[in-house]
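Shown next, in structure tokens, is the structure this report addresses.
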Amino acid sequence: MNPSFLSGLNEQQLEAVTLPPRLGSGQAPQPALILAGAGSGKTRVLTTRIAWLIQTGQASPAGLLAVTFTNKAAKEMLARIAAMLPINTRGMWVGTFHGLCNRMLRAHYREAGLPQLFQILDSQDQLALIKRLMKAANVDDEKYPPRQVAWYINSHKDEGKRAADADDYDSFSRRMKELYAAYEGQCQREGVVDFAELLLRCHELLSKNEILRDHYRGRFRHILVDEFQDTNRLQYQWLRLLAGRDNAIFAVGDDDQSIYAFRGASAANMQELQKDFAVEKVIKLEQNYRSHGHILDAANALIEHNRRRLGKNLWTSASKGEPLRVYEAATDFDEAGFIVEEVKALHSEGVSLSEIALLYRSNAQSRVLEHALFNAGIAYRVYGGLRFFERQEIKHALAYLRLLASDDDGGALTRVINFPTRGIGNRSFEQLQDLARERGVSLWAAAVEKAGGGRREARGEKAAVGESEDAVKADAVDHVSRLTPHASLAKGIPAFVALIASMRAATASLPLPEIIEHVLEHSGLKQHYQSEREGADRLENLDELINAAAGFVSDEQQDDTSLTAFLAHAALEAGDNQAQAGADALQLMTVHSAKGLEFHSVFISGLEEGLFPHENSLSEADGREEERRLMYVALTRARRRLYLSFAQSRMLHGQTRYNIASSFFEEIPERLMKRVNIGLRSKVASLRSDATGLRSKVSSLKFDSQNLKPETLNFRPDFPWKIGQNVTHPKFGAGVIVDAEGRGADARVQVNFHRNGTKWLALEYAKLIPA
DNA sequence: TACCTCCACGTTTTT
DNA sequence: CGTGGAGGTA
């Protein structure tokens, strides 16, 4: 009686999905390593395995744990399970490593030595804490760059090492070790936990606490891991600890797609797993359902050049399809022009833009491409960049919320104590820090003391520790009412203390979205951005934050909708980075962020030696192999059509660089590739580049004329510049004048730059050139 | 406190 | 070329 969801699986997929318990061991599950090539149905196998285990009664939904690296993958997995089985997936332990560890630590915060409302630091917050710490300790940040300190701390944690475990063989490493130790102390005092700490703390919790360990081991008989090749040491140790001797890990991964070694991922964990769990079954999924034959042949031939592989060869029953198209461009500009033309052609053949990806090795390469696409009027979406919860205004709002939730959070206090400005400058803040350090208390406690002290001084009373917050609040509110906009510096602190205290009191019993609304209003954030010239977007984002909270509260998958849970959600899931996700648009992204995706057509641009493979990676151990895997990932994203392009010269860091073609071209058999510009290359290139230039002018004129409102076309008699006129700025590039004001020395024009948005420029200074 | 100018730096990234 | 951070000045 095979459930319907098993139909359509191939032999190997079916074997993996229905892998029986280990022979002669009762119901003890069997460990397995599934070597799943690109496009071989990896996620399907993983989710179907879960459905099968539940359906056949080998596991209950609560009795298994499935772990992924990204929230997106976790959500996808839950959605697929829900589609196969009539069960409520809420409450299932399916999530990211960090999400699951967070869950466990929340449930056992005491045993883990954490405060109940511990806050999670993202990388930004972590770096800020390190800087603050180093400044307070007077550490030379030239010799010990905060970023490097952060890297040191994180990589030690990823290895499972505390400061006490760190090496100290010379003065530098001794100092780093001290900084790590100081950081540990600071985090503990402030009740905050960074990303790596979530994992390390959880690992320590399970390894030290036998009762809990046994509890979870007894519960999770099946542990399933996605993208196993991306696990770092600590993550693997965590999995081992949870699995113990009796439970089984079902790991799915592809060593050829291991592209995160630079952040500690170790594909060697695949070999470790086989050894540690005595894996009998290594199942290879080699049938590819994604790409045409030539594309796969190219990918296989390329990856053959790597020495350290588990070994696997993808095949397809699909036809050979088209050859790979190779374009050698004269310049990066020319390359962009070629891509624009081909995208247009594909689009007119009926391929939707969202089915076309434009990939590059590094983000800096997107600019030329974006420019060309913009001028050609092709809709595109760039992945990467600032995400929603990482935006400045959102971080500020979240900092107020964190402070409401947890007094001790010094990072949150530091961020907003003077934002919006309330007269607490560096001097006052330093005094506060000194006081906190002297007394060994949190910044908040120091602020409360300072605020209280001010009142008592005025009344000739003696300061006392342990005064109730309400008294301070009542008193500080009193302060606020007397404050003038330019109150003396010391007055700022009582005002701040009163503000936080009153917000805390007023929001104590409110639902989450209303808490946020209250905070936005009363913190002064809203007013601040309202009065800021370019604050409109930020205000919109702040409103969006309320919506996000409302969505969070009403999400049925969410069992905890407290403020703290929302803050954890914000840190662990930084959100999307682009608003217009739905529109049909060409997809621009780095090769790294393309992993796991597929497209009808793929352009891999900038295939130049030094760029891809990247020169910086070549000095690292196995760097070239990792770059090759990256190229392998890029190639295998395409279903039907694949373009490879490179440019003889390219503007990079303000200099023209002359590059040769990537060595990867030599690793792909010539018969699979078709050069689309042999011989007439340079001539065609220059013509094309001319044509593209002309076309872009026409299209930008069209764009400009569409964006002009008729009523703004009133020219002033003595004004040398006209609204609607195309101009060029040495820094901002081409643009069009959309508004003007003043005359003579005060004359200013508003220019909508194609690349840099709208700016007001003083004509006296700005070197505008008519175009 | 806020703005401005100068300087250094520039691979990939999720949580 | 562009940006972001730091430091100096109004």
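Every chain is numbered from 1 and lettered A, B, ... according to where its sequence line falls, protein lines coming before strand lines.
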Where protein sits on nucleotides 5-13 of chain B, one letter per nucleotide: B base, S sugar-phosphate only, - none, heavy atoms under 4.0 Å: -----BBBB
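A:L133 meets the side-chain contact (heavy atoms from CB on, under 4.5 Å) test with A:A182, A:Y183, A:Q186; sequence neighbours excluded. Evaluation of the ring pair (Phe, Tyr, Trp, His ring centres under 6.0 Å) rule for A:F118 yields no partner, not counting sequence neighbours. Residues satisfying the ring pair (Phe, Tyr, Trp, His ring centres under 6.0 Å) test with A:Y529, not counting sequence neighbours, are none. Applying the ring pair (Phe, Tyr, Trp, His ring centres under 6.0 Å) rule to A:F429 yields no partners; only residues at least two apart in sequence or on another chain are considered.
Taking the six-membered ring where tryptophan is involved, the planes of A:F552 and A:H569 are tilted, since the angle between them lies from 30° to 60°.
In this model, the phosphate group of B:dT1 is not approached by any side-chain N or O of A:N426 to a distance below 4.0 Å at OP1 or OP2. Remark: A:R427 is not in phosphate contact with B:dT1, judged by side-chain N or O atoms under 4.0 Å from OP1 or OP2.
Put simply, the side chain of A:T96 and the base of B:dT14 share no donor and acceptor less than 3.5 Å apart.
Of the candidates B:dA2, B:dT15, C:dA6, the closest approach to any side-chain atom of A:T421 belongs to B:dA2. The A:M651 side chain lies nearest to C:dC1 when the options are B:dT15, C:dC1, C:dA6.
Rounded to the nearest 0.5 angstrom, A:L224 CG and A:M77 CE are separated by 7.5 Å.
Under the 6.0 Å distance and 45° angle rule, A:R387 does not count as a cation-pi partner of A:F389.
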Pairs under 3.5 angstrom, nitrogen or oxygen only, protein versus nucleotides 7-10 of chain C, please.
none

